[in-house]
Amino acid sequence: MATSLANEIRERLIAMVRDRYGIELSEVVVEVPPQRELGDLAFPLAFDLAKRLKATTGQKSNPRELAVTLAAGLEGIAGVARVEIAGPGFLNVFFDRSGFFSTMVLADRKAGGRGESGKLIVEHTSINPNKAAHIGHVRNAVLGDTTSRILKATGERVEVHNYIDNTGVQVADVVVGFLHLEKRTLDEIRVLAERPATTRSESFDYYCWDLYARVGAWYEEDRERLAVRARTLHEIEQGGNATAEAAEYISTKIVDCHLATMARLDIGYDLLARESEILHLHFWAHAFEKLKASGAIVFETEGRNKGCWVMKAEEGAATVESEHDADKIIVRSNGTVTYTGKDIAYHLWKLGKLGLDFYYRFLRHDHRGREVWVTTPDESIASPVHPPFGNGTAFLNVIDVGQSYPQANVKKGVMMIDHDERVARSAHLAYEKVTLTPAAAAELGMEISETDAQRQQIGMSGRKGLGVKADDLIDRLEEDAGREIHARHPEIDAATRAKIANQIAVAALRYFLLKYTRTSIIAFDFREALSFDGETGPYLQYSTVRARNIFRKLGRERAELCEAFARCTRDQIEAFFAGEAGIEIWSLIHFAGRLDEVLRLAASGFEPTHLAKYAFQLAKQFNLFYHQHHILSEPDETRRTLLLMVADIVRRTLEESLSILGIETPELM
RNA sequence: GCUCCCGUAGCUCAGUCGGAUAGAGCAUCUGCCUUCUAAGCAGGGGGUCGCAAGUUCGAGUCUUGCCGGGAGUACCA
């Protein structure tokens, strides 16, 4: 809302400085003054200008005097009421508040999917399909999903992929568990997987969670058993045998479980891209030729990496005394390809630069009724008609920070084949792990080793079966929320209660994971994660529900209110914003007008936290307003209309912010 | 060794491109439900922004060097 005005002023200032001082400014800093009394926008330009003038002319100039000159040039801009000079030389702009308010009242912002810049491919979730999802996986999914929503809200076209590593070591481990530890046949696994689960712990992904831990222990007992894993992995990669069939069945079932878990959090995907297809459709062979042809990789004939195809490190990289080689091996001396190699192939495909495509099969409609597609190696069962997947302008991968090194190599490899600015936009959205506090680990009934007890935090470990399972946590949140709703609204039916309980649980969990920046480690604490008070998702919902209730109680249409608003005069609105209380109300509207600015900030840094914090601040300011002004009992008709329009602006802004955060507003709380 | 991340109130964390008096939640203490919902609001106490230099009108923010914690640096992913 305020951004177009800020841009206009910026243009004006740049032109003025060019004409008057012959200085070409590339950037003009705009900020919001700490108090509304100081103004609505601040330009600390005079300080910078004084410095530049000294550099060019050698003469000292007073920033305050420069500010006076600049201020004079800002007269006559529509939407600007006046300009003041403050402090040592800040140029503070005051909006035409009445005009701004009117624009906000009538604004009907719809995120327009322009997509002019092409399509962004966001990959997230990508959980190894061999066990139940835990809280760390949920952090990934929530970050990816929210980032996608933010990008869409800023007008980008986004395609969401969930990469399924169905031929990896982790899948091989549960296959080993079923086939070698438990000695089950595929039919017996089917019976187990498809039995109706009456409790959470009977579900297939929970069973595999435990089995995976048992397999880890089984290897520990006798390291020779790792040969079983190697053989199993090889059979899975080969395909066309009983082991591969079991792996296919198990991983597909677990993916179903993951999709169900994510659906509870309102997270969905456009495409499930499976590693088995990358293997069997020979993506790597194509990529290999391209890498060789471009000189991105070279064959080593001597030294430590003799017999390998490697991607050379940059000149000057530290090689002295290094225990490790800076060069990255892409093809091992035994001829097999590393993960980095396979991933380069996959990412070339994402950008439409591989010259090969998957086959696609419609999988199902998700919880929102959207189509979910999955890759398939088999042309005969593939759908001839499908959405246009891939051919993105950039890829954005939500992967934990521990994989920064391979991710950097993947991007480097892709860039060496085709280094246009589109690839350069691609990024690894690295996030830190979710760890457990020793208290949380103890609450989960885990035995804590001596060394772990010394630490501040304990890493979750799928291999050890150590972690907070996503469904368990959501269950607990839903139970708590359901109990709370029942206490407040005993009259509502069970189905409605369950729905609202889910909405509250989702809000609590999503906000909990988004209130930390990506680079901050979350030390998981039950009390904090299960809280509905203070800086939490439910607080945001509660504030929004309150705002909505005003209008429900009022029982009038928005159009009717807008008509009443149109009858208010400019003087009446100016008077409304006068005085201390008036400035606070103006402050609230001003803040609500900053959503676009916040979205752009969150989108450019791929940092959803900014939006989460903004929504919280807005809710907080609204609650203050709510307590100070009892709208429905306001006797003055004009004032009541104006207060209603303020509440309406904030309600709409909150609803939109929450929606982008993936949080719904319950009908009651 | 090298690379990256983190260090801000008792605890958990925000802090935009270097801007005006460093914020929030939790915890703690004191008030506020006859009102559009108390999952709320107001107020109090609580700070060497890890340490030390530097850059400048101005540094939590930028540079360098230390200290402490974490991660990576595989013919694993």
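Because the structure is a prediction, the values reported are computed rather than measured. By convention in this document, chain letters (A, B, ...) are assigned in the order of the sequence lines, proteins followed by strands, and residues within each chain are numbered from 1.
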In C32(B), glycosidic geometry as syn within 90° of 0 or anti otherwise: anti
Taking any heavy-atom pair under 4.0 Å as a contact, classify [X]: base, sugar-phosphate, or nothing.
X: Phe616(A); value: sugar-phosphate
X: Arg488(A); value: base
X: Tyr539(A); value: sugar-phosphate
X: Tyr516(A); value: sugar-phosphate
X: Leu554(A); value: nothing
X: Leu624(A); value: sugar-phosphate
X: Gln541(A); value: nothing
X: Asn409(A); value: nothing
X: Ser531(A); value: nothing
X: Val401(A); value: nothing
X: Lys620(A); value: sugar-phosphate

Between the side-chain atoms of Ser404(A) and the base atoms of C4(B), is any donor-acceptor pair under 3.5 Å? no
Record whether the side chain of Asp480(A) comes under 3.5 Å of the base of A39(B) through a donor-acceptor pair of N or O atoms. no
Do the side-chain N or O atoms of [X] get closer than 4.0 angstrom to the phosphate oxygens (OP1, OP2) of [N]?
X: Tyr614(A); N: A24(B); answer: no
X: Asn549(A); N: U37(B); answer: yes
X: Arg546(A); N: A38(B); answer: yes
X: Tyr339(A); N: A77(B); answer: no

Given side chains that start at C-beta, do those of Leu599(A) and Leu611(A) come closer than 4.5 Å, heavy atoms only? yes
Cation over ring face, Arg651(A) and Phe551(A), 6.0 Å, 45°: yes
Just wondering, are more than 12 heavy atoms of other shown residues or ligands nearer than 6.0 Å to CD in Gln628(A)? yes
NE2 of His489(A): more than 12 outside heavy atoms within 6.0 angstrom? yes
Stacking between A20(B) and Phe90(A), yes or no? Criterion: centroid separation under 5.5 angstrom, plane angle under 30 degrees. yes
